[in-house]
Amino acid sequence: QVQLVESGGGLAQAGGSLTLSCAASGRTFSSNVMGWFRQAPGKEREFVATITRSGGTTYYGDSVKGRFTISRDNAKNTVFLQMNKLKPEDTAVYYCASKVFGSASTSERQYNYWGQGTQVTVSS
């Protein structure tokens, strides 16, 4: 069992920055692919970013490419999402997710464990 706890959400102005963190329990963190997803009110959950087990490869959704950076610290069982040049349309609940088997994926259905989410609100 893996437990994920997100933190770092809050209110930011358009053009500003926020960094989200996701702390994972258990000794298997470095064995799992990690991802970030988000869900805005009235919309389906959307892929944001994912990172391979070693942290050597990352993938991003088109709407955040060039503005967001995913990274991980396997010694601290933590994955991060650095969000720059925030836009009002980035407003959503952001979820951290862990994928046990296989390679990095943009599909939420392939992730096994989820955090409770953290709210990010970007004002214009």
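All heavy atoms count here, side chains included; hydrogens, waters and symmetry mates do not.
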> V93 and V5: same hydrophobic cluster, using ILVMFWY side-chain contacts below 4.5 Å?
Replying inline: no
>> With a 4.5 Å cut-off on side-chain heavy atoms, are M34 and R53 touching?
In response: no
>> Filter on side chain to side chain donor-acceptor pair (under 3.5 Å), then keep only pairs touching residues 2-15, sequence neighbours left out; what's left?
In response: E6-Q116
> Is the Lys NZ or Arg CZ of R45 less than 6.0 Å from the centre of Y95's six-membered ring, within 45° of the axis?
Replying inline: yes
> Between S31 (side chain) and F29 (backbone), is there a donor-acceptor pair under 3.5 Å?
Replying inline: no
> What closest approach, in Å, do V100 and N112 show between heavy atoms, and which atom pair accounts for it?
Replying inline: N-OD1, 2.7 Å
> Quick one: does T91's side chain have a donor or acceptor within less than 3.5 Å of a partner on V122's backbone?
Replying inline: yes
> Passes side-chain contact (heavy atoms from CB on, under 4.5 Å), F68 versus V48? Steps please.
Replying inline: CA-CA 9 Å; F68 290 10; V48 175; 3.8 Å; yes
> Looking just at side-chain N and O atoms, do S98 and N32 make a donor-acceptor pair shorter than 3.5 Å?
Replying inline: yes
>> With a 4.5 Å cut-off on side-chain heavy-atom distances among I, L, V, M, F, W and Y, is there a chain of contacts connecting Y60 to L86?
In response: yes
> What heavy-atom pair brings S124 and A14 nearest, and what distance separates the two atoms?
Replying inline: CA-CB, 4.2 Å
> Pick one: which of I51, I70, T50 meets side-chain contact (heavy atoms from CB on, under 4.5 Å) with Y59?
Replying inline: T50
>> For S105, is there any backbone N or O sitting under 3.5 Å from a side-chain donor or acceptor partner on Y111?
In response: yes
> Does the side chain of Y94 reach to within under 4.5 Å of the side chain of M83, using non-hydrogen atoms?
Replying inline: yes
> Is there a side-chain contact between F80 and T69, using heavy atoms and a 4.5 Å cut-off?
Replying inline: no
>> side-chain contact (heavy atoms from CB on, under 4.5 Å) for T118 and L20? Distances and angles first, verdict last.
In response: CA-CA 8 Å; T118 186; L20 305 183; 4.0 Å; yes
>> Which heavy atom of A23 sits nearest to which heavy atom of T78, and what is that distance?
In response: CA-OG1, 4.2 Å
>> Quick check on the hydrophobic clustering: are V79 and V64 connected, directly or via other members, by side-chain heavy-atom contacts under 4.5 Å?
In response: yes
> What's the shortest heavy-atom distance between A49 and L81, and which atoms?
Replying inline: CB-CD1, 4.3 Å
> Quick one: side chain to side chain donor-acceptor pair (under 3.5 Å) pairs with a partner in residues 14-26, sequence neighbours left out?
Replying inline: S17-N84, T19-Q82
> Can you list the steps and then say if W36 with F47 is a ring-ring contact (aromatic ring centres under 6.0 Å, His included)?
Replying inline: CA-CA 7 Å; W36 287 96; F47 166 73; over 10 Å; no
> Which value, rounded to the nearest 0.5 Å, describes the distance between R72 atom CZ and S30 atom OG?
Replying inline: 7.0 Å
> Is it true that atom NZ of K65 has more than 12 heavy atoms of other residues, nucleotides or ligands lying nearer than 6.0 Å?
Replying inline: yes
>> If the condition is salt bridge (charged side-chain N to carboxylate O under 4.0 Å, His left out), which residues does R38 pass it with, not counting sequence neighbours?
In response: E46, D90
> Between V2 and T28, is a side-chain contact (heavy atoms from CB on, under 4.5 Å) present by the stated rule, with each step listed?
Replying inline: CA-CA 8 Å; V2 175; T28 60; 3.9 Å; yes
